[in-house]
Amino acid sequence: MTQSVKGMRDLWGTELRHFQFVERMCYQIMGAHGYQEIRTPIVESTDLFSRSMGSTTDIINKEMYTFKDRSDRSLTLRPENTASVVRAIIQNKLLEGNDPLHLFYIGPMFRYERMQSGRYRQFWQIGAESIGVASPESEVENLVLLFDFLGSLGLTDLSLSINSVGFPDERASFYTAFKSFFKDREASFCPDCHRRIVDNPLRVLDCKVASCQTALTGHPEILNFLSSESRSHHEKFQKCLHGSNISFSTNPKMVRGLDYYTRTTFEVISPDLGAQCALLGGGRYDRLIQDLGGPATPAFGWALGLDRLVSLLIKKNISLPSKPRILLIPLGESMLEYALQLVRPLWTTGHSIELETRGVALKKSLATANRKGHSHAFILGEGEKAKNIITVKFLMTGEQEEWPLGEITSRLTKL
RNA sequence: GCGGCUGUCGCCUAGUGGUUAAGGCACCAGAUUGUGAUUCUGGGUACCGUGGGUUCAAAUCCCAUCAGCCGCCCCA
């Protein structure tokens, strides 16, 4: 049998309902904050990603789904969405007259990675980008949106880590100091760190090897190499977070996976997710838009892993708001025709009413309703028809009520 | 990309060379015709992930392959 491609899965049932719940809340909160949706193609020119994300990042080097199309163009399945959003902004001149832009997106991303739980080759992200404003306050606005969203899902205990990685020139002077610090004790570092110090020095900071962490004692901190402007930006950002009641911790060792970040970076990890604990991350990217050929424009945003978010909701037993699910059971074939006429106006009211059309014994229909998770059964037989009523059975308690036909809609709303 | 582990009904598992692959949950059918979820009775629904090999004999041993899991790298 042909199976789904490795790392790509089907979504249905409980898990899909959680996805849909998150998506509904996403549209609601984003809308409330004035963010507008943008949808970009899943496939882009390979160079969009190699230009935006940094040539030494793992995503570029080993994780992209890259292929040639029939015209020999190098195409790539998007591994993240920010580069595409920026491309769309430039290409469609979205900044003209719309500055600043508040955009959000939701959709599948692709990374060719070794499988592990919580890590998929097709995975879903929700992201929000705030484009055109450089202030720390706009960063906090974007994070308030994020935490309002998480709160609406019942997630209130997640901790935010923040850091600043400065601008490339600030980073360069830090690298110089850090590399000489490293060189003085290079024998104490693991082979991976010897590779990192060349490719991406910041990565040495979050090495998990204990001896490396010991060797890092007293290391130069990037915050000390920031310009006074960047430093006061960072201070103001923290002050504003306090003011908005968002709790956080500063982590000078926190490193993000993409090279385009400037100044503020942040992430949220969840201890409940095992090794793949990164739930979301983001930061400022003031140079990306110009690097991709657009006008120099500051920007800030985050991306959240929907698959991991849903697995967290399920692990934490966060229950979905449940609407009544009704099975309408006509007794006998003549009643089925009557039921069809009766249910049509009800179907326009937005309630979930499934019609039993099999014409099987009531006993069997109730068993089916129970098994499939219906909350109520509407029973419609000769007796009900004669009295112009419907029998409503509450499947949780077993209680029954008789509703006059004219009151069905109003009483449904009160369930 | 590196290292390790796993794969038996829809789900969880027993079975470690020898009859017809066992059990639980679930599912299906029934216990007199309009009442489920609780009870009772009956039913096994699986080419043991796939393909080769060893053997008189393979779910069991070997190889390959696919998928999943765990750690690393890294990331959502």
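Since the structure is predicted, the reported quantities are computational estimates derived from the model, not experimental observations. Letters A, B, ... mirror the listed sequences (proteins, then strands); counts begin at 1. Atom set for the values below is all heavy atoms of this structure, side chains included, hydrogens, waters and symmetry mates excluded.
- Atom CG in A:Asp259 sits about 13 Å away from atom C1' in B:rC74, given to the nearest Å.
- Side-chain atoms of A:Phe189 and A:Ile197, non-hydrogen and from C-beta on, never get closer than 4.5 Å to each other.
- Between A:Tyr285 and A:Tyr260, the gap from one ring centroid to the other is short of 6.0 Å.
- Counting distance only, with no hydrogens placed and no angle test, the side-chain atoms of A:Lys208 and the base atoms of B:rC72 include no donor-acceptor pair under 3.5 Å.
- When the P atom of B:rG36 is taken as reference, atom CD of A:Glu354 falls 20 Å away, rounded to whole Å.
- Residues A:Gln36 and A:His102 bring no donor and acceptor atom of their side chains to less than 3.5 Å of each other.
- If you check distances only, the side chain of A:Glu267 never reaches the base of B:rA76 with a donor-acceptor pair under 3.5 Å.
- Atom CZ in A:Arg78 sits roughly 13 Å away from atom C1' in B:rA76 (whole-Å rounding).
- Between the OH atom of A:Tyr65 and the P atom of B:rA76 there is a distance of 17 Å, rounded to whole Å.
- Residue A:Arg111 has its side chain nearest to B:rA76 when only B:rA76, B:rC73, B:rG34 are considered.
- Taking only distance into account, the side chain of A:Arg308 meets the base of B:rC75 through a donor-acceptor pair shorter than 3.5 Å.
- Remark: P of B:rA76 and CG of A:Asp58 are 11 Å apart, rounded to the nearest angstrom.
- No donor-acceptor contact under 3.5 Å links the side chain of A:Lys363 to the base of B:rU35.
- Side-chain contact of A:Thr264 with A:Glu139: a donor-acceptor pair under 3.5 Å is present, judged by distance alone.
- Remark: the A:Glu384 side chain and the B:rG34 base include a donor-acceptor N/O pair separated by less than 3.5 Å.
- One can find a donor-acceptor pair under 3.5 Å joining the base of B:rG3 and the side-chain atoms of A:Arg114.
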